[in-house]
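In the text below, chain A, chain B and the rest are named by the order of the sequence lines, each starting its count at 1. Here the structure is a predicted model, which is why all the values come from computation and not from measurement.
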Amino acid sequence: MSKILIRGAKVLGGEPQEVLIDGETIARVGTGIDAGDASVVEAGGKILLPGLVDLHTHLREPGREDSETVLTGTRAAASGGYTAVFAMANTFPVADTAGVVEQVYRLGQEHGYCDVQPIGAVTVGLEGKKLAELGAMHESAAGVTVFSDDGKCVDDAVIMRRALEYVKAFGGVVAQHAQEPRLTEGAQMNEGIVSAELGLGGWPAVAEESIIARDVLLAEHVGSRVHICHLSTAGSVEIVRWAKSRGIDVTAEVTPHHLLLTDEMVRTYNPVYKVNPPLRTERDVMALREALADGTIDIVATDHAPHPHEDKDCEWAAAAMGMVGLETALSVVQQTMVETGLLTWADVADRMSFAPARIGRAQGHGRPVSAGEPANLTLVDSAYRGEVDPAGFASRSRNTPYEGRELPGRVTHTFLRGRATLVDGKLA
Amino acid sequence: MKRHLISAADLTRDDAVLILDTAEEMARVADRPIKKLPTLRGRTVCNLFFEDSTRTRISFEAAEKRLSADVINFAAKGSSVSKGESLKDTAQTLEAMGVDAVVIRHGASGAPYRLANSGWIDAPVINAGDGTHQHPTQALLDAFTMRRRLIGPDAGLGQDLAGRRITLVGDVLHSRVARSNVDLLHTLGAEVTLVAPPTLVPVGVETWPCEVSYDLDSVLPKSDAVMMLRVQRERMNAAFFPTEREYSRRYGLDGERMARMPEHALVMHPGPMVRGMEITAEVADSDRCTVIEQVANGVSVRMAVLYLLLGGNEPAVAHPSPAATRTTRSAPAS
């Protein structure tokens, strides 16, 4: 494999340096490195980050290939600067056996745009009744370490306790979709002022917070680690903060859209804003940003949820929940966290690469940008300004809430183990 | 007023008064031997009902026919039409057939808004009730009934409901009638109080332009009109209240309670009534109860809305200057 010299890039937002890639690894990082026979990427002024890692992606394959496939989803990931994604288990069939997770893993390797780390279901068929074969999934070629019934909450306290205990044997983590099911029957949006006016069924904050409170206590009791998916309320932040102060092994994620959008958008009745958990209030958004800045929330995860046009071009109640996010995540984080002064680019590298890789135990990802490390890298033109145009998305689905909205920053290059998957904003 | 009627909140005070005044003129048509105007001759109105509602559909149909419109009734309930894409497809099919206006009833909040604002069709959309969101013509007919009773048909012309105290009782949480009435009555200057058990008041109600009370007895003596909302029996199973009897004891309207209301105060109900639970037969059948009038007034109000949205080249409601108002109001009667 050939050599590549990235010249003049601000590594993690620091001073401009040269980064020499030789084969699959970073050979040197420093100044005044001679290009020699390497091809040169002029990166003057751009930000160089470790390849981004998404702990929460829906690739839809197998089963809903009309929404997304491993190929289209990983192309979207590469476009957004990701070198590894964790694929959620709510496919058809559900990823609750070694066979299904190996299939998804293998498709990721074959397509080669980004590593796909399957997430295994906690319970058979996501039904919340019976533990799936967690150990078999871990021992499979996919090496599953993260387990989640995402889309559904593991609401039975005993099942949740057992899952937390069981995965300790192989260092796994249970990622909880915190949603008390009875409190959210018929829920269509955040319960509050806007839902009262619009007459849409309310999804109260307490339905999320009560499950998080229960699960951190369970994790403490059995000495396990628990991860909270897409945390969305100010109250959830308080509970996680308390749990961490108590020494409980909990980690949490926030999505880009919960850092930017509020339930006021639902006044349009446009289902592009329909997502689970729902968009919350301005107060929640501000609390989430602060929590991501102070480390209470560990990571940004996209909850990339592709849906075909017909599932969104309808009335609100009939629409599917979710929005795509891989290709806009970094821009939203730049706008909400970097340009507000809440995070440095080094912090962004932590929240979007180092920490998610650590939580998911992703081998070879979320590593420092230094000699000897795998050359998983992302180059960002942070000075770029432009309107989001879904027509240019690599994702098969276009259900983005940002169409026509100006967002800063653009990923220009992505390198997966030394091979460019994105060059000048175009997929390789 | 916008081109569509989606929410009572879309109406300004002048829009609403114009509709009520126009409805008075329409009401006079009902007293004629031939109850028909040529106003919408050659125009086609579709009643697109995704949810059963015989009363509302018949009311709209009567209004449309009295204005000489051609009427298409589309009942989607029970057919395979239940998903979102079908709303879009159905609407586009109807428009391709030359429908000039769509009256839509839908179980999903926001469906009429989507229909009007998604570029699926161009025809004006009238919301005939959507989920637990809005039912603006119901609020208009309620306001019309109140104005007639509290001020008078002729004396009320040009008037709003400033200072009148209106109480709505019952299942506010699930009620599009409550939402529409709070918006419209506030716009018309009335003071609105909602009375319900706390379980049937939406979280977030504090921003609504009204008062909220859990105690019916303290509110009754101060009410010019008391509107009872329908309470579905299945709410009991969802633990919104313990039993029908308990609900009835605390929030039902019986003769004893009615006696505590001022002499002139009226009792209203959007129907259908659950006798014995929300309202006793004694109250429902009393002279104060306006349920039957509300039904009759519904036709007049819907005629007014259809006329104002479709009747002239000038969208009369959008530009309620005095001259324009007079012209458009007298047009249908001439």
Side-chain angles (χ1 to χ4, degrees), chain A residues 66 181-209 233 235 262-274 278-284 307-321 399 403-404, chain B residues 6-9 50-51 76 81-92 104 106-120 127 129-135 171-180 182-183 194 200-210 212 238-239:
Chain A
D66 58 325
R182 285 278 281 145
L183 285 172
T184 51
E185 279 171 16
Q188 294 286 329
M189 67 171 298
N190 178 50
E191 182 167 76
I193 289 164
V194 182
S195 68
E197 212 175 294
L198 299 185
L200 288 172
W203 199 133
V206 65
E208 174 173 308
E209 294 154 6
T233 77
T262 69
D263 63 354
E264 289 291 330
M265 310 304 293
V266 184
R267 291 185 189 280
T268 62
Y269 282 110
N270 186 342
V272 79
Y273 298 110
K274 185 172 174 180
L279 300 176
R280 305 288 187 180
T281 68
E282 184 75 14
R283 179 177 159 266
D284 295 304
H307 292 294
H309 183 64
E310 59 270 24
D311 287 359
K312 286 289 192 179
D313 190 31
C314 56
E315 66 272 29
W316 181 277
M321 292 193 263
N399 50 307
E403 179 170 6
Chain B
I6 306 299
S7 166
F50 287 83
E51 186 182 75
V81 177
S82 60
K83 288 287 182 186
E85 56 268 60
S86 301
L87 171 62
K88 178 185 176 181
D89 290 345
T90 308
Q92 288 183 331
I104 177 175
H106 203 289
S109 300
Y113 183 97
R114 284 284 281 164
L115 188 61
N117 293 287
S118 297
W120 297 339
N127 182 2
D130 63 326
T132 54
H133 177 223
Q134 282 277 333
H135 194 357
D171 185 358
V172 176
L173 180 64
H174 301 97
S175 176
R176 53 192 168 212
V177 175
R179 283 173 178 77
S180 312
V182 168
D183 287 334
L194 301 175
L200 290 174
V201 176
V203 168
V205 75
E206 62 275 9
T207 61
W208 294 12
C210 61
V212 176

Do the side chains of Lys312(A) and Glu403(A) get close enough for a salt bridge, i.e. N-O under 4.0 angstrom? no
Do Lys88(B) and Glu310(A) meet the salt-bridge criterion of a basic N to acidic O distance under 4.0 Å? no
For the interface with chain B, which of Ala196(A), Gly192(A), Pro271(A) has the highest count of heavy-atom pairs at distances below 4.5 Å? Ala196(A)
Tell me which of these, Ser195(A), Gly199(A), Pro204(A), has more heavy-atom pairs under 4.5 Å with chain B than the rest. Gly199(A)
Listed partners of Asn399(A) passing side-chain hydrogen bond (donor to acceptor under 3.5 Å, both in side chains), at least two apart: none
Per-residue contact mode, Ser118(B) against chain A (heavy atom under 4.5 angstrom): neither
Toward chain A, the part of Glu206(B) with a non-hydrogen atom under 4.5 Å: side chain
Heavy-atom cut-off 4.5 Å, strictly under: side chain, backbone, both or neither for Arg267(A) against chain B? backbone
Check for me whether Arg280(A) meets the cation-pi criterion with Trp203(A), that is, NZ or CZ under 6.0 Å from the six-membered ring centre and within 45 degrees of the ring axis. yes
Do the rings of His106(B) and Phe50(B) sit parallel, tilted or perpendicular, given the 30° and 60° boundaries? tilted
